[in-house]
Amino acid sequence: MKCMIPGSNIKVFGRSIHCLSKIGEDLYIEPLDHGLALRTVNSSRSAYACFLFAPSFFLSYINGTYNQQETNQEEEDSFRCRITMKSCLTVFKSLYTLEKTVDKCQVYIDLKDCRLVFLLHCKHGIVKTHNLTYQETETLQAVFSKDLCPNHIVANSKALIDVVSGFQTSQEEITLNVTPQQVSFKNYVEDEPDPNKVVHSEMFLSPSEFDDYTVGIDAEVTFCLKELRAVLSFADAAGLPMSLHFESTGKPIVFAMESEQTLEATFVLATLADLPSSQSSTQHRVSAASQHTAVNHTSHTHSLTKQRKQAVNNSSSRSHSNQADDRREFRKTKPPNTKRQNEMDFPDDLNNQRETSHCRQPGSDRMKDIDAEFEHQDRVQARGPSSPVIPLHSHVHRASEHQTRPALFPEIKAAPKDNDRATQITQCVQPNRTVLARYEEPCDEEHRVNAKQQTGVVAPDDQCVDSANVSDSEDYDFVPGTPPSKRVGVYMFKSMFFGASQQLSQSLETAQKSSAVFKSMFFGASQQLSQSLETAQKSSAVVLCEDTDEEDSD
Amino acid sequence: MRFRAKVVDIGCIEQFTRVVSTIAKMTPLCVLRLTVNRMYFILNDKVAKGGIWCELTASNFFDEYRMEGLSEEANEIYLEITPDDIVRAMKTAQNAKSIKVKLTKKFSPCLTFDIELPSRTGHSRNVVHDVPVNVIPKSIWNEYSEPTVPDFDVSICMPPLKSLRNVVERMKNLGSYLELSANQNGEMRLRVETEQVTVSTHFKDLEIPEWVNEGSETQTQGRQPDEMVGARVDIRRFLQFLAGQQLNPPKIICNIVDNRLIHFFLLQEDISMQYSMPIVQQ
């Protein structure tokens with residue numbers, strides 16, 4: 001990866017770093033064919049942010065091998081790294097100075113010394129070099145779909161700043177309430193020791209204040225204000241309108257902005273799901289965004305699929321199934337990398353969009369696609385009632401590529417380039433582990449434990465083999481434009497699961513074909529379904545402020 | 001009990017915000033007393049926090065002011081409020097078109113601030129703040145009656161608050177108590193005393209207000225004009241009072257009863273505020 005940021009864009013780039021730094025502590029950098037992705041997730045994993053700078057943002061943008069001597073080409077192709085936000089902030093500390101002095105900024109990876117290099121070419125021939133250490137990492141990807149959300153609002157960032165500034169800085173969450181007639185923002189007070197002793201504030205806005213206002217279902221979503229402030233600080237400085245996509249309580253809210261072909265920013269914030277029983281001060285928060293769980297409900301798959309399909313057909317994507325209480329809860333402060341977490345049900349929208357080369361699919365088309373998919377799944381399932389084959393959108397890959405059997409794990413293990421990778425690969429073999437271990441390595445211990453605990457619900461191997469066979473005879477090519485040769489490998493599952501970054505699979509051209517991929521794939525798919533139902537489980541909206549205003553003489 | 005008021009004028013909104021934030025700087029909790037044509041902010045704690053008596057004429061602030069008290073005979077409302085909450089509510093109203101204040105019963109008794117804000121697109125926006133309050137029963141109303149003004153030994157106008165504040169801020173680093181004394185010759189002295197050092201600052205040629213009250217006249221006349229009369233106060237509390245002043249009244253009168261009382265009287269056209277600072281005995 002090598003790119004050159006022009007002086008005129010350095011401020012925007014710096015701002016994005018500042019914005020990300022207000023959300024997470026690590027910066028995930030991933031060069032993609034269609035641009036450079038900067039991502040982060042907050043410590044409680046309730047907020048995810050992604051900036052994508054298109055190649056046109058840069059003076060030059062080269063993704064992939066630039067260091068030809070490097071033998072292990074595919075490793076470099078798939079380069080993704082994580083740096084600490086702090087180190088990156090030092091490079092872009094003063095935006096004002098940067099703007100005044102920097103002519104251009106070169107960013108590249110020094111593979112020899114394992115450094116991410118920021119080369120600031122300043123005025124008067126001064127060159128400032130920042131060599132940052134990095135850690136290789138997996139793709140960070142929240143699974144969400146903004147285009148399936150029935151509620152879509154486009155707002156001027158100034159209007160939202162007015163709203164947000166009306167709340168106290170100590171306010172942690174706000175609740176957004178929409179109806180076709182009215183929008184309101186109110187402070188979330190339920191987690192106060194005594195909600196009746198604090199000021200309840202609510203701001204009402206008319207829908208006509210927004211550039212676009214589509215409300216399919218009335219919704220009340222509660223999300224963190226801190227991250228929203230970070231988002232708005234960027235949106236305001238960039239002067240970009242912001243679009244909000246959201247659905248209902250407990251489903252993530254997506255803030256997105258886009259600047260003509262150069263920059264796209266997406267923020268996914270978890271929303272609070274109020275449990276009916278949580279009247280006490282202890283709040284169980286169910287995070288919807290970027291929380292994933294390894295749950296395998298193979299036996300439920302068929303019915304779930306149907307429900308899912310119905311839900312999609314209803315175009316509200318809401319399932320009212322009251323599945324056994326699998327709801328994942330966690331306290332916001334708790335590191336969420338336990339198996340008791342929630343899972344997003346949507347295929348990753350972001351990367352799907354990528355694969356169709358920036359073309360925004362109209363919502364209706366997408367719906368059709370998904371319907372088609374589900375029909376397809378039904379057909380596949382008809383072959384074996386317990387077959388866990390539920391290829392989802394981005395998770396479906398050409399089955400004909402996978403002719404070999406899972407006996408190849410040893411070879412896969414031989415392939416890793418460092419310990420880090422090795423860990424990940426072993427996790428891939430065991431789907432549960434993989435799912436859990438998507439994130440940072442320090443949590444691996446925990447993941448492994450979780451994986452062990454969960455082996456009881458993992459689909460038996462023979463089932464997977466079955467499904468692989470089934471898959472072999474079917475054509476699963478739902479992902480256009482991806483050369484078959486790039487779709488093989490143990491990493492695929494991860495990439496698929498997180499929304500299939502193409503880069504990821506590209507990197508694995510040499511990785512062994514393995515039906516383990518399918519196992520994980522199916523597993524992932526069924527998991528997503530079951531999760532969709534979990535998250536769809538109703539969550540009562542707490543009426544914070546009922547106006548029983550008898551005293552009011554009006 | 002009913003209460004409803006409306007402000008339209010932005011100047012009145014700002015002034016009201018200043019009054020409440022001045023109060024909020026001095027006490028976290030106070031009593032709001034509403035009568036037919038006046039509004040009072042009252043703090044009645046002579047020992048620890050001191051006493052506040054702030055009186056506003058409703059018609060000077062509110063374009064519309066209607067209240068019905070507890071009953072015909074007791075046509076008043078006493079509410080315990082957190083002034084800071086009201087300040088926060090008012091802060092969102094800095095460019096408001098109008099504010100309606102009313103007493104409502106929601107999750108608890110509330111003072112509801114319904115603020116109408118202008119928006120870019122010309123549509124009005126509404127912000128509603130429900131500030132929880134406690135209604136004070138009639139049985140303890142008499143605890144919040146107007147303090148009787150005692151006979152002062154010295155009555156003197158304060159020097160400009162800003163310079164006073166600069167001095168006190170530095171004295172704060174030396175000790176925790178400050179002796180404030182003055183005489184009838186227009187001199188005021190601030191003194192901080194520690195084992196190592198004694199620092200005093202003298203202000204001269206301060207104005208002596210004319211009191212028509214006969215009682216205090218006799219008292220002050222009984223003393224020599226240059227005799228210093230003073231009392232000791234907590235320096236941080238004094239600084240809090242100085243720093244929290246947002247009203248900038250033209251005159252602040254300081255009344256001192258030797259070793260017993262320091263009483264500040266802030267006079268403005270539409271507001272009068274009294275604050276008696278707790279005394280720390282030596």
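In the text below, chain A, chain B and the rest are named by the order of the sequence lines, each starting its count at 1.
- Two rings, from A:Phe51 and A:Phe267, have their centers less than 6.0 Å apart.
- In the model, B:Ser276 has no side-chain atom that pairs as donor or acceptor with a side-chain atom of B:His263 under 3.5 Å.
- Within 6.0 Å of atom NZ in B:Lys91, 12 or fewer heavy atoms from other residues, nucleotides or ligands are found, so the atom counts as exposed in its surroundings.
- Between B:Ala93 and B:Leu117, the closest heavy-atom pair is CA-CD2, 4.5 Å.
- Contacts with chain A (heavy atom to heavy atom, under 4.5 Å) involve these residues of residues 134-144 of chain B, listed by number: B:Asn134.
- Residues A:Glu202 and A:Ser184 have side chains that bring a donor and an acceptor to within less than 3.5 angstrom of each other.
- Close approach to chain B, defined as a heavy atom under 4.5 Å from one of its heavy atoms, is seen in A:Ser208, A:Glu209 of residues 207-215 of chain A, taken by number.
- A:Phe167 and A:Phe185 have their aromatic ring centers separated by at least 6.0 angstrom.
- Proximity of B:Gln240 to B:Arg236: side-chain heavy atoms (C-beta onward) are nowhere separated by under 4.5 Å.
- Proximity to chain A (any heavy atom under 4.5 Å) is shown, for B:Arg125, by both the backbone and the side chain.
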### Query
How far apart are the C-alpha atoms of B:Ile81 and B:Val131, what are their side-chain angles, what is the distance that settles it, and do they pass the side chain to side chain contact (heavy atoms under 4.5 Å, CB included) test?
CA-CA 8 Å; B:Ile81 57 163; B:Val131 180; 6.0 Å; no
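- The ring of B:Phe3 has its center closer than 6.0 angstrom to the ring center of B:Tyr65.
- Contact check for B:Ile23 versus B:Ile86: no side-chain heavy atoms found under the 4.5 Å cut-off.
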